[in-house]
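Along the sequence shown, the residues carry numbers beginning at 1.
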Amino acid sequence: MTLPFTLLIDPEPADSAQADFAGTFHEMDSAAPALRVGELSTQRGDGIFETLSVVDGHPQEVEAHITRLRHSAEICDLPVPNPAQWREAIAYAVARVPHEGELALKFVLSRGVQSGPAPTAWLHATRAPDHSAARENGVRAITLDRGYPRGVAEVAPWLLMGAKTLSYAINMAALREARRRGADDTIFLTHDGYVMEGPTSSVVIRSNGVYVTPAPSGAILHGTTQQSLFEHLREEGEPVEYRDITVAELRAADAVWLLSSIRLVVAVTELDGLPLATDRPRTRVFNEYLLGRTD
């Protein structure tokens with residue numbers, strides 16, 4: 001059981017009656033060439049992906065990630081993934097990687113090569129980066145105008161804003177801009193001043209004791225970790241809400257967090273150079289819950 005681990009997948013149609021998919025999986029040497037020169041995922045970023053966390057051998061939020069992969073495929077006019085095949089692929093990989101510590105398991109569906117007969121799919125597992133310092137100490141963030149007004153995804157669906165695509169150049173540029181300004185991360189705003197998400201995270205605030213995240217829309221990915229945390233908060237009797245958040249409310253919140261599958265929950269301690277209220281004990285409780293899940 002070594003890392004990294006790479007598995008090429010022959011994608012089956014969503015309506016395939018096949019029950020055993022082992023013959024569609026091909027283990028690869030992670031250092032060996034695997035993609036063709038004409039692959040559209042590398043040439044154009046024309047593909048979708050998900051990254052889930054595996055903690056001590058337990059893959060997290062499998063169904064939520066598969067559901068979002070299928071949703072992204074529909075938005076991008078890609079062949080809709082077969083959920084049973086992807087469940088089996090994830091289980092196949094988890095059985096063959098270390099069962100100690102935190103791993104990142106990324107799975108990708110690409111349109112394939114230009115005029116190719118079929119899409120390309122693969123899964124890649126690596127040791128997750130050590131995010132313990134960020135979980136404990138929080139991060140400094142800046143706000144950046146995403147350049148779109150609220151509601152743009154509904155009037156311009158071809159922007160694919162609700163899909164988790166491989167086209168991450170803007171997201172990475174936003175993180176570089178944060179570092180140039182002496183910060184760690186970014187929170188995107190609509191052009192008219194509403195909170196969207198981070199380049200690789202969901203935004204959750206606590207405002208007057210209520211945990212709030214921007215309402216899911218065609219412009220905002222519905223975060224899998226955010227959904228898991230909100231389910232936990234509801235079970236604990238805590239109020240949660242999906243609605244629009246203005247930048248003014250963001251700055252005045254009781255606490256602000258960024259949530260993602262691998263980094264989990266980090267508090268935002270500073271926004272645009274100004275300190276924010278934080279709740280370190282609550283942040284620790286959130287991360288303990290998320291790390292302790294077994295499904």
Within the supplied structure, the quantity of interest is the number of heavy atoms (other residues, nucleotides, ligands) at a distance under 6.0 Å from [X] [atom1]; does it exceed 12?
| X | atom1 | value |
| --- | --- | --- |
| Arg127 | CZ | yes |
| His26 | NE2 | yes |
| Arg234 | CZ | yes |

Is the backbone N or O of [Y] less than 3.5 Å from a side-chain atom of [X], with the two atoms forming a donor-acceptor pair by type?
| X | Y | answer |
| --- | --- | --- |
| Asn82 | Pro13 | yes |
| Ser53 | Ile262 | no |
| Asp185 | Val139 | no |
| Asp56 | Glu100 | no |
| Thr246 | Glu249 | yes |
| Glu241 | Tyr211 | no |
| Glu74 | Leu69 | no |
| Thr278 | Arg280 | no |
| His124 | Val108 | no |
| Arg206 | Val256 | no |

Salt bridge (charged side-chain N to carboxylate O under 4.0 Å, His left out) with [X]: which residues, sequence neighbours excluded?
| X | answer |
| --- | --- |
| Glu197 | none |
| Arg181 | Glu177 |
| Asp272 | Arg251 |
| Glu102 | Arg135 |

Considering all heavy atoms of both residues, which atom of [X] and which atom of [Y] are nearest to each other, and what is their separation?
| X | Y | result |
| --- | --- | --- |
| Met28 | Pro33 | CE-O, 3.5 Å |
| Ile9 | Ala89 | CD1-CB, 3.8 Å |
| Ala178 | Thr186 | CB-OG1, 3.5 Å |
| Ala183 | Ile142 | CB-CG2, 3.8 Å |
| Thr120 | Gly112 | OG1-CA, 3.4 Å |
| Trp122 | Ser41 | CH2-OG, 3.7 Å |

Under a plain distance cut-off of 3.5 Å, with no hydrogens placed, do [Y] and [X] share a side-chain donor-acceptor pair?
| X | Y | answer |
| --- | --- | --- |
| Ser30 | Thr6 | yes |
| Trp257 | Thr283 | yes |
| Ser228 | Arg293 | yes |
| Gln226 | Ser202 | no |

Are the ring centres of Tyr148 and Tyr194 closer than 6.0 Å? no

If you take the centroid of each ring, where Trp contributes its six-membered ring, are Tyr92 and Phe21 closer together than 6.0 Å?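 No, ring centres 6.0 Å or more apart.
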
Given the rule in the side chain to side chain contact (heavy atoms under 4.5 Å, CB included) test, do Glu231 and Val240 qualify, once you have shown the distances and angles that lead to the verdict? CA-CA 9 Å; Glu231 289 172 9; Val240 301; over 6 Å; no

Side-chain heavy atoms of [X] within contact of [Y], under 4.5 Å:
| X | Y | value |
| --- | --- | --- |
| Ser261 | Thr224 | yes |
| Leu103 | Thr126 | no |
| Leu52 | Pro59 | yes |
| Tyr242 | Pro214 | no |
| Thr269 | Arg140 | yes |
| Ile66 | Ile90 | yes |
| Thr225 | Arg263 | no |

Steps toward side chain to side chain contact (heavy atoms under 4.5 Å, CB included) verdict (Tyr168, Phe49): CA-CA 11 Å; Tyr168 255 47; Phe49 78 100; 3.7 Å; yes

Under a 4.0 Å threshold between the charged nitrogen and the carboxylate oxygen, would [Y] count as salt-bridged to [X]?
| X | Y | answer |
| --- | --- | --- |
| Arg282 | Glu238 | yes |
| Glu39 | Arg111 | no |
| Arg68 | Glu50 | yes |

Inter-residue atom distance [X].[atom1] - [Y].[atom2], 0.5 Å rounding:
| X | Y | atom1 | atom2 | answer |
| --- | --- | --- | --- | --- |
| Ser132 | Asn287 | OG | CG | 10.5 Å |
| Ser72 | Leu166 | OG | CG | 10.0 Å |
| Ile220 | Thr213 | CD1 | OG1 | 7.5 Å |
| Leu144 | Ile170 | CG | CD1 | 11.5 Å |
| Leu123 | Leu105 | CG | CG | 4.0 Å |
| Glu12 | Gln85 | CD | CD | 5.5 Å |

Any chain of hydrophobic side-chain contacts (each under 4.5 Å) joining Val195 to Leu258?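 Val195 clusters together with Leu258.
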
Between Arg179 and Asp184, is the side chain to side chain contact (heavy atoms under 4.5 Å, CB included) condition met? List the steps. CA-CA 6 Å; Arg179 296 185 188 106; Asp184 309 297; over 6 Å; no

Filter on ring-ring contact (aromatic ring centres under 6.0 Å, His included), then keep only pairs touching residues 50-87, sequence neighbours left out; what's left? Trp86-Phe107

Enumerate the residue pairs fulfilling salt bridge (charged side-chain N to carboxylate O under 4.0 Å, His left out) with a member in residues 22-32, sequence neighbours excluded, ordered by first and then second residue. Glu27-Arg96

Would Arg284 and Asp279 count as a salt bridge (Lys or Arg N to Asp or Glu O under 4.0 Å) if you check the C-alpha gap in whole Å, the side-chain angles of each, and the deciding distance to 0.1 Å? CA-CA 9 Å; Arg284 291 191 192 104; Asp279 188 339; over 6 Å; no

